[in-house]
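Okay, structure first, notes after.
Model, not experiment: these values are computed from the prediction.
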Amino acid sequence: MTSVLLTCGGNGCFKSCSADGHAGFAKRGKDIVCASETLLLRTAVDVLESVRGIGVTVDKSRRGSLSFSVSYDSDSCGVEVLERLKCTADFIRMGIQSLSEEFPDCVQLIEKIG
């Protein structure tokens with residue numbers, strides 16, 4: 001099973017995400033659930049990296065693991081940055097929840113505020 005930990009601030013803005021494990025739906029390289037999780041999370045990284053004012057740190061050093069977090073100056077960032085961070089959190093939450101509902105033995109979403 002893949003565990004996805006999504007951490008958001010009290011304002012709903014994305015802070016970090018980590019995914020660890022193998023969904024176990026099929027053999028490695030043929031697992032549609034793992035592929036779906038990977039696509040969702042890599043797209044979220046791409047979106048965050050495209051926004052000026054957001055720094056993104058990504059760790060994909062281990063097979064079956066991906067984590068990323070953001071840094072930004074909340075005092076000087078504009079509304080666009082905050083909205084993008086909220087939308088990214090929503091994108092991950094909704095995408096992983098959808099996978100978890102369809103494949104409950106393969107994916108779990110854990111959400112943390114802090």
Donor-acceptor contact present, side-chain Thr38 to main-chain Cys34, <3.5 Å: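 Judged by distance alone, yes, a pair lies under 3.5 Å.
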Partner residues of Thr2 under the side chain to side chain donor-acceptor pair (under 3.5 Å) criterion, sequence neighbours left out: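 Expected list: Glu37.
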Once side chain to side chain donor-acceptor pair (under 3.5 Å) is applied, do any residues pair with Ser61, and if so which ones, sequence neighbours excluded?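 Checked Ser61 against side chain to side chain donor-acceptor pair (under 3.5 Å); matches are Asp59.
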More than 12 foreign heavy atoms under 6.0 Å from NZ of Lys60: is that the case here?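 12 or below, so no.
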Report yes or no: do Val56 and Val4 belong to one cluster of Ile/Leu/Val/Met/Phe/Trp/Tyr joined by side chain heavy-atom distances under 4.5 Å?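 Same cluster: Val56 reaches Val4 through Ile, Leu, Val, Met, Phe, Trp or Tyr contacts under 4.5 Å.
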Partner residues of Lys15 under the side chain to side chain contact (heavy atoms under 4.5 Å, CB included) criterion, sequence neighbours left out: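 Partners of Lys15 under the side chain to side chain contact (heavy atoms under 4.5 Å, CB included) test: Thr7.
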Test ring-ring contact (aromatic ring centres under 6.0 Å, His included) applied to Tyr72 and Phe14, step by step: CA-CA 11 Å; Tyr72 61 97; Phe14 174 88; 9.8 Å; no
A side-chain contact here means heavy atoms from C-beta on lying under 4.5 Å apart; do Leu66 and Val58 qualify?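 They are in contact (side-chain heavy atoms under 4.5 Å apart), so the answer is yes.
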As an exercise, state the distance from [atom1] of [X] to [atom2] of [Y], rounded to the nearest 0.5 Å.
X: Leu99; Y: Met94; atom1: CG; atom2: CE; answer: 12.5 Å
X: Leu6; Y: Cys17; atom1: CG; atom2: SG; answer: 5.5 Å
X: Leu40; Y: Ile92; atom1: CG; atom2: CD1; answer: 8.5 Å

Result block: side-chain N/O donor-acceptor pairs under 3.5 angstrom for residues 103-114, not counting sequence neighbours:
residue: Gln108; atom: NE2; partner: Ser3; partner atom: OG; Å: 2.8
residue: Glu111; atom: OE1; partner: Arg93; partner atom: NE; Å: 3.0
residue: Glu111; atom: OE2; partner: Arg93; partner atom: NE; Å: 2.8
residue: Glu111; atom: OE2; partner: Arg93; partner atom: NH2; Å: 2.7

Enumerate, atom names and distances included, each donor-acceptor pair closer than 3.5 Å involving a side-chain atom of residues 43-51, sequence neighbours excluded.
residue: Thr43; atom: OG1; partner: Leu39; partner atom: O; Å: 2.8
residue: Ser50; atom: OG; partner: Val47; partner atom: O; Å: 2.7

Could you give all pairs that pass the side chain to side chain donor-acceptor pair (under 3.5 Å) test and reach residues 23-34, with sequence neighbours left out?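 Sorted pair list: His22-Asp31.
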